Amino acid sequence: MLDIQLLRSDLEGVAARLATRGFVLDTARFHELEVRRKAIQMRTQELQSRRNSASKLIGQAKAKGEDTTAIMAEVALVGDELKTTEVQLVELQAELQIMLEGLPNMPYESVPVGASEADNQELRRVGSAPVFDFAVKDHVELGEGLGGLDFETAAKISGARFSVLKGGLARLHRALAQFMLDTHTDQHGYTEVYVPYLVNAASMRGTGQLPKFEEDLFRVPRQMGEGGEQNFYLIPTAEVPVTNMVRDEIVPLEQLPLKFVAHTPCFRSEAGSAGRDTRGMIRQHQFEKVELVQMVHPDESPAALEQLLGHAEMILQKLGLHYRVVRLCSGDIGFSSAITYDIEVWLPAQDTYREISSCSSFEAFQARRMQARFRNSAGKPELLHTLNGSGLAVGRTLVAVLENYQQTDGSIVIPEVLRPYMGGLEKLAR
RNA sequence: GGAGAGGUGGCAGAGUGGUCGAAUGUACCUGACUCGAAAUCAGGCGUAGCGUUAUACGCUACCGAGGGUUCGAAUCCCUCCCUCUCCGCCA
């Protein structure tokens with residue numbers, strides 16, 4: 001959520017910055033709502049003030065045993081008008097709130113202006129693509145050849161966009177997650193957290209998935225007492241539960257920065273992506289991710305994003321995988337993001353780079369929604385900055401390892417850093 | 001699933017229809033005393049919105065959440081959520 005004060009003081013400036021990401025801010029409507037809100041709020045508060053002082057007088061008069069009919073008749077009139085204006089005020093503020101929650105974050109100045117993926121900026125390539133002297137297979141062929149990847153059984157159990165892993169492949173998948181967690185906790189200073197996979201609507205609202213993107217989520221209806229109904233949502237990323245740990249909190253200054261890492265499953269309905277990446281494990285309804293989350297002092301967030309990006313990159317470097325870092329353009333960054341770097345890993349079978357991590361700074365956008373604050377050096381509560389990034393998407397990393405470490409006979413050489421997690425095994429073969 | 005207790009400022013904890021944004025204690029800040037500290041004494045000390053661009057002033061809202069009664073609600077009524085204790089069941 002953007003700061004409403006900023007919209008009030010520099011509406012055109014905000015509109016201009018949102019325009020760079022293809023969002024049209026209805027400035028006339030905002031202005032109109034604000035004018036009405038201001039008038040009604042002032043009137044309401046004036047009436048409340050009169051009612052309060054009159055009520056106080058009634059109390060005093062009654063204590064002395066005096067007659068109060070005249071003043072009570074007067075305050076009744078105030079009460080009648082107040083009933084109307086209070087309702088109007090609530091409605092107006094709700095309208096403003098809906099409008100405000102529908103506004104995406106403003107991109108940083110450094111974010112290249114562009115309309116789509118095609119305008120993203122490649123920053124660097126790290127490592128080099130492996131050279132094969134045979135026809136490479138993709139991860140589906142490799143996995144099925146090893147007898148460890150089974151989409152048919154997954155389809156029977158659940159449906160499309162699910163997978164079953166078996167044997168060495170299942171273990172390799174687990175090894176990757178363990179390796180990532182250990183690296184981030186031991187070497188990068190993150191605290192591991194275990195969090196709920198079902199969260200309430202307030203948490204989804206806090207990180208920006210709700211109200212706008214409900215169709216991307218799996219909703220789990222839940223009967224509450226006396227016909228009440230309240231939904232749980234399956235998390236689409238650990239970002240949601242982990243970032244919401246600080247919702248409605250005031251963190252002491254000396255505890256900053258907070259750095260958390262969590263390994264969780266992620267659930268996405270993939271509405272609107274029918275027909276995209278239907279083959280293999282690239283785009284699933286359920287996948288595992290190791291997520292890095294930081295809550296930092298506002299002054300520190302640009303540097304923290306660079307560090308966080310480096311932490312994610314380190315995993316690929318240790319795994320010996322070739323990748324590139326891309327700065328997303330204004331038209332391609334996510335709703336809540338002010339700046340996003342994607343890490344794209346080389347997939348030889350597709351002869352292309354595919355996203356394996358997305359690292360973003362949200363500035364105070366999420367913190368404002370969540371009322372996540374810290375106590376600054378003046379002792380006053382101030383909004384935190386939140387950041388997160390995948391470190392990394394486990395399923396896609398498995399795909400990358402399979403494809404990049406394949407041998408001519410269809411076996412897979414296990415990257416050295418993973419071998420301790422594989423009982424010393426050096427190679428996956430049928 | 002059953003029974004009971006409870007949710008109030010950073011923390012503890014009083015308040016059961018009006019003078020309560022809220023006693024008191026504690027923590028914290030300032031000052032006095034002191035060479036300095038401790039102890040003691042005095043004062044201050046919630047969040048947010050609006051007027052208003054303003055750490056100053058005024059007004060408004062906030063006592064788990066939402067609704068209701070009332071001229072007036074932390075306090076009374078209704079619904080829900082959460083926490084704790086005991087019993088039952090259970091990975």
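All values derive from a computational prediction rather than experimental measurement. To find a chain, count down the sequence lines: A is the first, B the second, and so on, and within it residues start at 1.
Ring geometry for A:Phe162 against A:His285 counts as tilted: the plane angle lies between 30° and 60°, on a 0 to 90° scale.
Between B:A56 and B:G51, the distance separating the two C1' atoms is 14 Å to the nearest Å. Here the separation of B:A23 from B:U8, taken at their C1' atoms, is 12 Å to the nearest Å. Atom name P, nucleotides B:A61 and B:A22: the rounded distance is 13 Å, in whole Å. The separation of B:C29 from B:G10, taken at their C1' atoms, amounts to 14 Å, rounded to a whole angstrom.
With a 3.5 Å ceiling on both atom-pair distances, B:U53 lacks any Watson-Crick or G-U wobble partner. B:A14 is unpaired under the criterion used here, namely a Watson-Crick or G-U wobble arrangement in which both key atom distances are under 3.5 Å. Across every strand in view, B:C86 sits in a pair with B:G2 that passes the Watson-Crick or G-U test at under 3.5 angstrom.
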Under 3.5 Å donor-acceptor pairs involving side-chain atoms of residues 258-276 of chain A, not counting sequence neighbours:
unit_1	atom_1	unit_2	atom_2	d
A:Lys259	NZ	A:His188	O	2.8
A:His263	NE2	A:Glu288	OE1	2.5
A:Arg268	NE	A:Pro236	O	2.9
A:Arg268	NH2	A:Pro236	O	3.0
A:Ser269	OG	A:Glu215	O	2.6
A:Ser269	OG	A:Asp216	O	3.4
A:Ser269	OG	A:Ala271	N	3.3
A:Glu270	OE1	A:Ser273	OG	3.1
A:Glu270	OE1	A:Arg283	NH1	3.3
A:Ser273	OG	A:Glu270	O	2.8

Next on the checklist: What does the B/S/- profile of nucleotides 48-67 of chain B look like, 5' to 3', with a 4.0 Å heavy-atom cutoff to protein?
Outcome noted: SBBS-------BSS------
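A salt bridge between A:Arg29 and A:Glu32 is absent, with no side-chain N of the basic residue lying under 4.0 Å from a carboxylate O of the acidic one. Using a 4.0 Å cut-off between charged nitrogen and carboxylate oxygen, A:Arg373 and A:Glu249 do not count as a salt-bridge pair.
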